[in-house]
Amino acid sequence: MDTSTTPEDKPVQRSKSFGFKVQREQCSSCEKTVYPMERLVADKQVFHTTCFCCKHCNTKLSLGSYAALEGEFYCKPHFQQLFKSKGNYDEGFGRKQHKELWTNKEPETKTA
């Protein structure tokens with residue numbers, strides 16, 4: 001007696017979905033879904049190519065024409081105008097400057 005089964009005896013199992021399960025990415029600027037053709041990654045953040053703009057002047061940026069600071073993106077001319085010309089990156093954000101921390105320290109006195 002033959003115990004082997006023929007291909008006609010077994011039901012064929014097919015996957016319900018033939019596509020890949022892709023994790024949907026959201027644009028860091030507009031928080032909408034970013035599809036692969038419009039995807040741009042800068043500083044580990046995902047953007048639409050149209051949403052990747054200078055914070056100061058809203059000019060569209062490219063990977064070769066931007067500068068980033070504290071998670072904000074600027075065109076190179078505005079980055080230099082806002083931060084580099086002052087010589088202190090913290091000053092542009094209204095934070096305490098690091099040099100103030102150094103000048104406020106009292107000199108240590110040695111005790112014998």
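Along the sequence shown, the residues carry numbers beginning at 1.
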For the residue pair Phe47 and Phe73, categorise the inter-ring angle as parallel (less than 30°), tilted (30 to 60°) or perpendicular (more than 60°). perpendicular

Work out which heavy atom in Gly64 is nearest to a heavy atom in Lys76; give both atom names and the distance. O-NZ, 3.4 Å

Are Leu61 and Leu40 linked, directly or through intermediate hydrophobic residues, by side-chain heavy-atom contacts shorter than 4.5 Å (ILVMFWY only)? yes

Is there a chain of hydrophobic side chains (I, L, V, M, F, W, Y, each step under 4.5 Å between heavy atoms) that links Val34 to Val41? yes

Does Thr33 offer a backbone N or O that forms a donor-acceptor pair with the side chain of His48 under 3.5 Å? yes

Hey, could you give me the [atom1]/[atom2] distance between [X] and [Y], rounded to the nearest 0.5 Å?
X: Cys27; Y: Arg39; atom1: SG; atom2: CZ; result: 11.5 Å
X: Lys55; Y: His78; atom1: NZ; atom2: NE2; result: 13.5 Å
X: Cys54; Y: Lys60; atom1: SG; atom2: NZ; result: 14.5 Å

In sequence, state the C-alpha distance, the side-chain angles, and the governing distance for Cys75 and Cys57, and then conclude on side chain to side chain contact (heavy atoms under 4.5 Å, CB included). CA-CA 8 Å; Cys75 60; Cys57 67; 3.8 Å; yes

Report the C-alpha separation of Tyr66 and Phe79 in whole Å, then their side-chain angles, then the decisive distance to 0.1 Å, and conclude whether the ring pair (Phe, Tyr, Trp, His ring centres under 6.0 Å) test is met. CA-CA 8 Å; Tyr66 81 95; Phe79 182 80; 9.8 Å; no

Could you tell me whether the side chain of Lys32 reaches within less than 4.5 Å of the side chain of Gln26, counting heavy atoms only? no

